[in-house]
Novice: 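Quick one: the structure is below, and I'll ask about it shortly.
Start at 1 and go down the list; that is how both ligands and their atoms are numbered.
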Amino acid sequence: MKILGVVGARPNFVKMAPLLREMARHPIIEPILVHTGQHYDREMSERFFSDLEIPPPDVNLAVGSGSHARQTAEVIKRLEPVLVERRPDVVIVVGDVNSTFAAALTAVKLGIPVAHVEAGLRSFDRTMPEEINRLLTDAIAQFLFVTEESGRENLLREGVAPQKIFFVGNVMIDALEILRPKWERSSVFDRFGIGSGSPYAVLTLHRPSNVDREEALEALLAGLAAFAREIPIMFPVHPRVRSRLNGRAEIHWAKEGTEARLPAEGILGADPLGYLDFLALAGRARLVLTDSGGLQEEATVLGVPCLTLRANTERPATVTYGTNRVIGTHPARILEEGRKALAAPRSSGKRPPLWDGKAARRIVQVLLGDQR
Ligand code: UD1
């Protein structure tokens with residue numbers, strides 16, 4: 001059975017790693033890995049392959065950056081001949097990035113069944129590019145693997161046949177658990193001069209709605225800078241955000257060639273971190289502030305309070321079971337909720353059902369037609 005997995009962007013690598021590891025346990029499966037090249041910087045791509053122990057891709061489409069239309073179109077154009085030549089029995093796509101939808105569309109038009117891992121999540125905000133990718137991918141996939149109950153409900157409401165939907169848990173949590181012994185040994189704390197008891201927060205930002213509009217970014221930074229007087233904030237910066245932040249007084253950058261040391265207060269901007277270093281850092285944080293989807297889930301399992309800097313979440317299980325609070329982007333609200341989180345006794349929340357590190361196993365069993 002030939003199973004071809006497609007990855008393109010940073011969170012895809014995390015989700016595909018446990019699937020590849022599981023497939024390797026079944027000699028009947030011939031896995032093929034295609035990297036679209038949507039993310040290509042060493043720190044956004046190669047570093048993740050090595051941290052997550054993913055073998056080099058069999059094919060790299062090298063599409064690179066571009067407008068949404070261009071990027072999506074390039075993946076479709078370049079993937080089609082690969083699928084025609086390799087003729088996989090199933091194509092697995094993960095998450096909600098442009099590469100996910102582009103690959104699903106290409107496969108389905110060639111009559112190849114598509115398995116979507118992390119199906120059914122909905123923010124109900126169609127201005128988010130990811131929401132469009134999710135809706136379209138789910139509409140054409142044959143196997144819809146959901147991470148949480150809301151995913152199943154959303155798909156049923158959209159008219160998806162129940163027999164196509166499989167509630168299997170969360171492969172991102174599989175990765176976190178498989179690599180726990182490695183990330184627990186990370187040296188990231190020494191590199192940033194963070195002592196074992198010293199409190200800090202971790203920040204990530206990359207959503208277009210937060211960083212592409214000057215006004216929105218301005219407001220966010222005002223709130224974050226005010227909060228950073230209470231606790232220092234470590235901010236590994238996504239490359240799309242870097243140029244917008246250069247020269248901002250709210251952020252201290254490590255000078256090139258010098259050690260980046262987390263100050264007693266304020267925001268320390270840093271290059272993007274690898275998977276292992278980032279999880280180690282998030283795991284010991286007093287709280288995380290983020291607009292990422294995956295980090296809301298990781299914080300839930302790490303038992304670290306998470307303040308989501310968005311108006312909505314497509315991952316409601318992180319709120320009902322986990323440590324997540326969706327607080328929006330108003331500066332006063334960031335300060336207020338941040339203070340509240342610091343004052344509250346630490347409660348680790350609960351794991352959502354089936355976030356037990358065995359999602360990849362369940363998925364591969366379904367694909368092999370063995371649903372024990
Ligand atoms: C993409 C996904 C987003 C996901 C995120 C994780 C879409 C629509 N968005 O957003 O859902 O949460 O990945 O990081 O697919 N860039 C580099 N080096 C890289 C990659 C990107 O410098 O290796 C810069 C380029 O300026 C590029 C910009 O980041 O134009 C945006 O990259 P792109 O892949 O289009 O979207 P992300 O913002 O990374």
Novice: Is the closest N or O pair between His68 and ligand 1 shorter than 3.5 Å?
Specialist: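 Min N/O separation from ligand 1 is not below 3.5 Å for His68.
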Novice: Among protein heavy atoms, which sits nearest to atom 16 (N) of ligand 1, and what does the distance come to when rounded to 0.1 Å?
Specialist: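 Residue, atom and distance for the closest contact: Tyr40 OH, 3.7 Å.
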Novice: Which pair of non-hydrogen atoms, one from Ala228 and one from Ile233, has the smallest distance, and what is that distance?
Specialist: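 Heavy atoms only, the tightest pair is CB-CD1, 3.8 Å.
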Novice: Which residue and non-hydrogen atom of the protein lie closest to atom 31 (C) of ligand 1, and at what distance in Å?
Specialist: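 I find the closest protein heavy atom is Arg240 NH1, 3.6 Å.
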Novice: Cation-pi check, Arg284 to Phe189: give yes when NZ or CZ is under 6.0 Å from the six-membered ring centre and within 45° of the ring axis, no otherwise.
Specialist: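 Verdict for Phe189: a cation-pi partner in Arg284.
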Novice: Where is the nearest protein heavy atom to atom 3 (C) of ligand 1: which residue, which atom, and how far?
Specialist: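 The answer is Glu130 OE2, 3.2 Å.
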Novice: For atom 27 (C) of ligand 1, what is the nearest protein heavy atom, given as residue, atom name and distance?
Specialist: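 Its nearest protein heavy-atom neighbour is Ser65 OG, 3.2 Å.
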Novice: Do Asn133 and ligand 1 have an N or O pair less than 3.5 Å apart?
Specialist: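 No; every N/O pair is 3.5 Å or more apart.
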Novice: Could you note down all residue pairs passing salt bridge (charged side-chain N to carboxylate O under 4.0 Å, His left out) where residues 165-179 supplies at least one of them, sequence neighbours left out?
Specialist: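 Of all non-adjacent pairs touching residues 165-179, those that pass salt bridge (charged side-chain N to carboxylate O under 4.0 Å, His left out) are Glu177-Arg180, Glu177-Arg351.
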Novice: If you take all heavy atoms of Met172 and Asn170, which pair is closest and at what distance?
Specialist: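 Minimum heavy-atom contact is N-OD1, 2.9 Å.
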Novice: Going by heavy-atom distance to atom 8 (C) of ligand 1, choose the closest among Asp41, Asn98, Asp96, Val63.
Specialist: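 Among Asp41, Asn98, Asp96, Val63, the closest heavy atom to atom 8 (C) of ligand 1 belongs to Asn98.
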Novice: Provide, to 0.1 Å, the distance between atom 39 (O) of ligand 1 and the closest protein heavy atom, together with that atom's residue and name.
Specialist: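 Residue, atom and distance for the closest contact: His39 NE2, 2.7 Å.
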Novice: Cluster partners of Val82, using ILVMFWY side-chain heavy atoms under 4.5 angstrom, listed by chain and number?
Specialist: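 Via sub-4.5 Å side-chain contacts, Val82 links to Leu4, Val6, Ile32, Val34, Val59, Leu61, Val63, Val75, Ile76, Leu79, Leu83, Val84, Val91, Val93, Phe101, Leu105, Val108, Leu110, Ile112, Val114, Ile132, Leu136, Ile140.
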